[in-house]
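Have a look at the structure below, then the notes.
The basis for the numbers below is simple: all heavy atoms, side chains too, and nothing from hydrogens, waters or symmetry mates. The chains referred to below are lettered A, B, ... by the order of the sequence lines, with proteins before strands, and numbering in each begins at 1.
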Number of protein chains: 2
Amino acid sequence: MDSKTKNRPQTLPDGGRPTLKTIAFMTGLGITTVSRALKDAPDIGAETKERVRLVAKQIGYQPNRAGVRLRTGKTNVISLVLTLEEEIMGITSPMVVGITEILGGTPYHLVVTPYSAVKDALAPIRYILDTGAADGVIISRTEPHDARVALLTERGLPFVTHGRTEMGIVHPYHDFDNERFAYEAVRKLVARGRRRLVLLEPPPHLTFYSHMRAGFERGLRDFQADAIGFHQTNIDHSLVEIRDAFEVLMRSEDAPDGIVSGSGSGAIALIAGLEMAKKKLGEDCDMVSKSPSDFLRWLRPEVMTMYEDIRVAGRELAKAVIGHIDGQPPETLQSLSQPEFQPPITRGLRA
Amino acid sequence: MDSKTKNRPQTLPDGGRPTLKTIAFMTGLGITTVSRALKDAPDIGAETKERVRLVAKQIGYQPNRAGVRLRTGKTNVISLVLTLEEEIMGITSPMVVGITEILGGTPYHLVVTPYSAVKDALAPIRYILDTGAADGVIISRTEPHDARVALLTERGLPFVTHGRTEMGIVHPYHDFDNERFAYEAVRKLVARGRRRLVLLEPPPHLTFYSHMRAGFERGLRDFQADAIGFHQTNIDHSLVEIRDAFEVLMRSEDAPDGIVSGSGSGAIALIAGLEMAKKKLGEDCDMVSKSPSDFLRWLRPEVMTMYEDIRVAGRELAKAVIGHIDGQPPETLQSLSQPEFQPPITRGLRA
DNA sequence: CATCGCAACTGTATCGTTACAGATTTGAAG
DNA sequence: CTTCAAATCTGTAACGATACAGTTGCGATG
């Protein structure tokens, strides 16, 4: 056999699926040439590239992910790391949708990697690093000094956080402006004549705890209102706990007349506690709540809501990880979504 | 070199990650032996197996997924196929959590594969089949004659459906007993003296449409109530559409006094429509609703809810696909979850 | 003391892809 | 008529794992 054609595929691959070998066979080229033609390498002739691309398209060639991954280490996987616990109010749904909307136009797949105990937050990160399971990672519930961020940065694995950190590391993130949310909430409540305000805040170890508190306190100063303490309770507590604690507060001397709720599901529990204390929302007390879904607006239009669009967050996060993977500088991959009050649901027919 | 030891690894792999080669080097065995020892093959000595397992554990060996996948075709991936559209009320969240709870104890990863247009429901299935992207598939929103089920069965790829089909193919599924739900709902409403009942039903093309209708109609017969038509509207319509249509119905001569809502978010819209027609829930009209989350119970305790536990559904689905992959007969992988009325939220302190 | 069977282990080829180091052709320069 | 460089193309090896077809050593059998 002519040495020049020694390596030309003589047979097609067994399985029905086309590979480089299939294209090489059909075009009469070598496998290497086909591979390089498809990645538009400079040492392949223009006409050859055209021919290869045509055939590849015709037979519906798609590179074998395992082959690529084994050879290059590129997984084409984005890993979404989630706590099983945070799922109470279903923030994951729109997030997954948003992410996949972006990944749909790319070769990336979305893998969901869960962890259970809060102290194990590092475990899935280690797993991904150790096994090279993903090209990029999305994490949420960031802390000011976040061990995951430190580890990922040190090991050079691209990632993006949902929430910011405070450790002097410049990394991609997307966040909701919780400072501004709380500030605007206070403004709104004071405008309604409320001056004794309570905040249902995030757990203190998370970064956005201090954002929200800062906004709240700045609002109190600027608009001259007072804080009612409710520190024993935060949005990570169960709805029953929040409700009961709030009932006690509402029955006390110290009852607030305005509420800022840092979570949509927390708002439900606050309303229940308020009603158990025989108070009426909109009369004895007004409330502003963050809300990632629509049900509050529909069922309790008295509540003033600021919509946190998790779906958009998912899109931003996906774009940011990919940007990071592609080598864009982290500082260009940071975004903050601005809270805005939602209009009430249209009440007219044919709305 | 002695031919007997010709293939013994002389060097460790470059990357830090241990491979079979690493273990072979450390134990002085051949790569093949190590591979077979770790899968407990019968032709490897007991002591050798022990030694290999020990070393593997010590150095934290984990098989390279790309290597396995390339050689064997086994992906260790379960694909969850979702419509981007169905995500309105966030059913995905608890579902993903339930699935990952089960996959956590297995080598499987969960990949989320979305599709957008309803007519493209087959596209992700074809993709998975063509590229061998997964060992098993989870699909939802089944139709009586479901092209995806036909295709997956024909091509022999293990799968499970959330919902049943009616095409004479015995396949794994998990479903909520919608027939019984509607039947019990009618019973409850009639027990409350309601006799003019309306059903907010699923879109007619889905299998559980006929289940729910059948249960509803059986209930009407058994408990002697009448149906009020509401056929122009179903749970896939927008909340605003549902609300407006229901307002019209409630203002008409033909207004119902009892509602069976096939979806939790639909219930929200029905309540809004009812209130816009100046009617009062619990007085002019009672309602039983399916509810995958808690907010209805908290915010509208007048609504009687039957909880559909999507998280459990996720667990059942995951177990069923894996069972199917492992060759268990499909008829042993079918389950139906029984609806039960939920107790009201505990009202006392320290509940 | 050959021969056989068995237990325990190993080498080779392969999955699909790509990095790397050639190989071949062509045409221009000397 | 060399010689050389540029333009194209190609073979080989390797990523990590496993199927398959051996090989080795050893005690039992005739």
What is the distance from CZ of A:F25 to P of C:dG16, rounded to the nearest Å? 15 Å
Could you state the atom-to-atom distance from CD1 of A:I31 to C1' of C:dC20 in whole Å? 16 Å
From the set C:dT17, C:dG16, D:dT18, return the single nucleotide nearest to any side-chain atom of B:L70. C:dG16
For the backbone of B:I44 and the side chain of B:T48, can you confirm whether one donor and one acceptor N or O come within less than 3.5 Å of each other? no
By the 4.0 Å heavy-atom rule, please label B:T33 as base, sugar-phosphate, or nothing. base
Is a donor-acceptor pair below 3.5 Å formed from side chain A:R71 to base C:dT17, judging by atom type as modelled? no
Checking A:V149 against A:T161 for the side chain to side chain contact (heavy atoms under 4.5 Å, CB included) test, could you report, in this order, the C-alpha distance in whole Å, the side-chain angles of both residues, the deciding distance, and whether it holds? CA-CA 8 Å; A:V149 170; A:T161 58; 3.8 Å; yes
Just how far, in rounded Å, is P of C:dT25 from CG of A:L29? 16 Å
Do the charged groups of A:D130 and B:R17 touch, with an N to O distance under 4.0 Å? no
Starting at CG of B:L333, measure out to CD of B:Q328 and round the result to the nearest 0.5 Å. 5.0 Å
So A:H109 and B:Y127, would you call those rings parallel, tilted or perpendicular, with 30° and 60° as cut-offs? perpendicular
So does B:T165 get a backbone contact from the side chain of B:T142, meaning a donor-acceptor N/O pair under 3.5 Å? no
Rounded to the nearest 0.5 Å, how far does CD1 of A:I325 lie from OG1 of A:T106? 8.5 Å
Within residues 38-63 of chain A, find the residues that approach DNA chain C with a heavy atom at under 4.0 Å, and present them sorted by residue number. A:K39, A:Y61, A:P63
Please determine, for the side chain of A:L20, which listed nucleotide (C:dT17, C:dG11, D:dA17) has the closest atom? C:dT17
Phosphate OP1/OP2 of D:dT18: any B:S35 side-chain N/O under 4.0 Å: yes
Donor-acceptor contact present, side-chain B:D309 to main-chain B:V312, <3.5 Å: yes
For the pair A:E143 and A:R148, find out whether any cationic side-chain nitrogen is under 4.0 Å from an anionic carboxylate oxygen. no
Listed in order of residue number, which residues of residues 127-136 of chain A have a non-hydrogen atom at under 4.0 Å from DNA chain D? none
Starting at atom CZ of B:R65, determine the distance to atom C1' of D:dC15, rounded to an integer number of angstrom. 17 Å
Roughly, in whole Å, what's the span from CZ in A:R17 to C1' in C:dC15? 12 Å
What is the distance from CG of A:N76 to P of C:dT17, rounded to the nearest Å? 13 Å
B:T75 and B:D135: side chain donor to acceptor below 3.5 Å: yes
A side-chain contact here means heavy atoms from C-beta on lying under 4.5 Å apart; do B:Y61 and B:L38 qualify? yes
Quick check for you: to the nearest 0.5 Å, what is the distance between A:D175 atom CG and A:T207 atom OG1? 8.0 Å
Without decimals, in angstroms, what is the distance between B:R36 CZ and D:dA19 P? 8 Å
B:N64 CG to D:dC15 C1', in whole Å, measures 8 Å
Helical bend (five base pairs per end, nearest 10°) for the helix from C:dC1-D:dG30 to C:dG30-D:dC1: 80°
